[in-house]
Amino acid sequence: MSGTGTMKSRKKLAFQQLKKNKIAIIGLIIIISLAFIALFAPFIAPHDPIEQNLDKRLLSPSGEYPMGTDDLGRCLLSRIIYGARVSLKLGVIVVGIITVIGVTLGLISGYYGGIVDEIIMRLVDVVLAFPGIILALAIAGALGPGLFNVMLALAMVGWTGLARVVRGSVLSVKQKEFVESARALGCSDLHIMTRHILPNVMAPVIVLATLDMAFIILAAAGLSFLGLGAQPPTPEWGSMLNNGRAFIQTAPHLTTFPGLAIMVAVLAFNFLGDGLRDILDPRQQRELKE
Amino acid sequence: MLTFILKRMCLMFIVILGVTMMTFLIMHFTPGDPAEMIAMARYGVDDLTQEDIEWIRVQEGLDAPLHIQYIKWLNHAIHGDLGCSLINGQPVLSEILVRFPATIKLAAVSMLVALIIAIPVGIISATRQYSLTDNVSMMGAMLGVSMPNFWLGLLLILLFSVHLGWFPVCGYGGFEYIILPALTLGTGMAAITTRLTRSSMLEVLRQDYIRTARAKGLSEKVVISKHALKNALIPIVTVIGMQFGRVLEGAVIIETIFAWPGIGKLLVDSIYARDFAMIQGGVLFVAVIFVIVNLVVDISYTYLDPRIRYEGVK
Amino acid sequence: MTLLGIRNLKVYFYSEDGMVRAVNDVDLDIGEGETLGIIGETGCGKTILGLSILRLLSENTKVEGRILYKGEDLLKLSEDEMRKIRGKEIAMIFQNPLSSMNPVLTVGTQVAEPVELHQHLDNQNAKEKVIEMLKSVRIPLPSKRVNEYPHEFSGGMRQRAMIAMGLICMPSLIIADEPTTGLDVTTQAQIVELMKEVLKDSGTSMLLITHDLGVAAELCDHMAVMYPGEIVEYADVRNIFKNPKHPYTRGFLDSLPGRGLKPIPGISPSLINIPEGCKFHPRCSYATGRCKKERPQMKKVGEKHFVRCFLYD
């Protein structure tokens, strides 16, 4: 366990299995493509995503505008391409924050136990007592509309799953001999937590963080759809979809394409997360062997 | 058994207390001066004086320290007084109670849709693991999980209302009004429940006691329905409780799209109108309902699993 | 008279790591009223051999050869016909009764199932029969305990209930897979006593699968020693203990606490990488060049005593 050799071979093995998992690979390819699109949006997008062109309003998809134009004559494809930037950036930042919060609290909770554990876990219970994004909705609603507030709201709500999972893993790892021996050698708590326990609880963290990415993108799009997130003229998929609602009868492409974009992004992270879980969860491995 | 329920109840009260604190704090940290907002709501923006604001601050107890305000607010909440709407001055609780039945109706029909799809598909998928049926239904479930429900709602409107004209675009009324919103919410839930039913069933089918049942000469049908299903349902029941939370969460958006006059739409409208009393009351109400539903699920869990029933709390 | 005859039985399946040859050319006979023990270490394929008789292995497992029960080849029966054999003609008692009994059904329900199914008894009659059966396996207060769940039983009581479940239809053959594993020593002795008694009373034949030579010595008439996938020695119980021929059987006996506690050098091969020639040659002190290349056949070395070793050519 503690030797770097076994860690490396374990990683290598996981990678080999990932290559075999077609669905996960499809997810990974889509994610890489989306990241590429987001990074090079100015070079890929055929038009300016914000520039209005009032004599070209609500055009159906054509050669010049492959996804048509919206009610202000803006190129929908360009807006969707730039939208990848908004969603991915938001997803990465929020997932980064909740991973740090969740892992830290989970480690502390599991390692120290007792009253600290009790307080953190009750806090998790309280946050989980609000159904899904209702708490995020209330926070974003209270703070007022805006992407930053949506990120803040999702970060405050999203860390609980990770904290619970990390705590659970820590509880089982804590019993292992190498932790006992590290303690006997006089290692500090911080050293034991970061050097001995953390590497052993990373597998579920990676899986959950990937799946959380899907959840955060979806939730952020939902809040933007309600008008609480990105404000015009920011090209954000959820708010584009909301905007298209008014024209559902005359210009259905305005509802079709942004929704598709959200689904593809969410699907990609779900694919990858599921694939990673198959590989990293030992219980699932047994299923494969049978 | 009784101690188990009592312990859960205690835990529930701690959680609900936490929920009230959190709801109170969120609204307290809202940018802006609450006294000013209440004053604005009451007297309008134009002829608002500083004295009016100060008068409201004292009258509403907003000048007191935070914990005093909280205790006062909590005391009112316990007695069913969630304050009055900043917009129309109506009591928040009565407004919520008027809207609640519509949400419950939508939730019940949606969950019914979800279970009707999920349980049979999950079982068939598990018993025919890696078959074409299994792969297709798992792919469908994955799409269902990843599809934004607000998009699905719009697509259903596009197909069934705009093109086919079968159902009304939105509104509240007879049976035809509930079909599209319930389908939208129900299929999303079905996706998760199908995956769970399948994995739970697969786990159970791998157990030794399934082999014992087969060794008795029982037919596969009896093995599945008598020996496997009851065990597989135990985790599914918990998820149904969680699913109820998803319904409430989904209701926020779906009710907005379909103009369904439930709590979800009330919440969103209150956010648009910056009616903080209503948001606070609505969120608290939803959370408390959710906590109670989960308690009920926990208790019914013990009835399904005799191991917990007798051991009480582990 | 032969009740069950196994001829050229091969069981194999493919796993991620390669082909698993769990059972390789096994021939065995069990006479009426006879108890045959299959002895071997964990992972030698003995449980799979037991399951293959009732065709309880998963669908991707290949089973070849013949399994003749009262002259009829079980491998040729349809699934429906097979179900009429399971529990009625041939019953199985599994190891680890806690995981082998359904946690959400009462013990009574589970013990009653075979009679309800095969003898079409109604609830009331089945319940009476169950109580009678639980009494005969010495479960105290049977009329109360039928309504309890498996986790409310002690380990020994659960195994008794398991035995009752197997015997309730009066099958001609019982396959018992490690029936005493996981029980404490006194309970083990009680279960062995009980099994001895019920087998004698009912005249049922038994195939006992175990790694515990002590249990086998108590219960069996004949014993077959299994080493990865094949039978290496077959004899009556006396000869196995007094006059073991195969180097593996000797090694196995010498590793027992009462007989020197000398372990066999090396580890037993997995069912995936089975050595060429005689499967025991890498661990055998008598091995010659021939053992590495050629697979020995069963040789008769005495009255009803066969061994798979070139030493006796």
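Side chains included, hydrogens not; waters and symmetry mates left out as well; all remaining heavy atoms used. In what follows, chains carry the letters A, B, and so on, assigned in the order in which the sequence lines appear, proteins first and then strands, with residues in each chain numbered from 1. This one's a predicted model, so the numbers in the text were calculated from it and none came from an experiment.
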- [ ] Run through L154(A), D212(A), L123(A) and flag the one making a side chain to side chain contact (heavy atoms under 4.5 Å, CB included) with W159(A).
- [x] L123(A)
Task: Under 4.5 Å from any heavy atom of chain B - which part of A129(A) - done: both
Open item on the list: Report which part of F269(A) has an atom under 4.5 Å of a heavy atom belonging to chain B: side chain, backbone, both, or neither.
Closed with: neither
Options [options], ranked by heavy-atom pairs under 4.5 Å with chain A, top entry:
options	answer
V268(B), V291(B), I253(B)	I253(B)
I257(B), N149(B), V247(B), L152(B)	I257(B)
L154(B), L11(B), T23(B)	L154(B)
M142(B), M147(B), H163(B)	M142(B)

Go through [options] and name the one with the most non-hydrogen pairs under 4.5 angstrom from chain B.
options	answer
L226(A), I139(A), L135(A)	L226(A)
L143(A), I217(A), N242(A)	L143(A)
V127(A), L137(A), I23(A), L228(A)	L137(A)
I262(A), L260(A), V264(A), L128(A)	L260(A)
D125(A), L223(A), D274(A)	D274(A)

- [ ] Could you look at L17(B) and say if it's the side chain, the backbone, both or neither that has a heavy atom under 4.5 Å from chain A?
- [x] neither
Task: V288(B) versus chain A, the contacting section by heavy-atom distance below 4.5 Å - done: neither
Task: Residue M21(B) excluded, over 12 heavy atoms near CE under 6.0 Å - done: yes
TODO: Can you establish whether the number of heavy atoms outside M156(A) located under 6.0 Å from its atom CE is more than 12?
DONE: no
Task: Between Y70(B) and T20(B), a side-chain donor and acceptor under 3.5 Å - done: yes
- [ ] Return the orientation label for the F24(B) and W73(B) ring planes: parallel under 30°, perpendicular over 60°, tilted otherwise.
- [x] tilted
Task: Parallel, tilted or perpendicular: rings of F150(B) and F225(A) (30°, 60°) - done: parallel
Task: Contacts of Y272(B) that satisfy ring pair (Phe, Tyr, Trp, His ring centres under 6.0 Å) - sequence neighbours left out - done: none
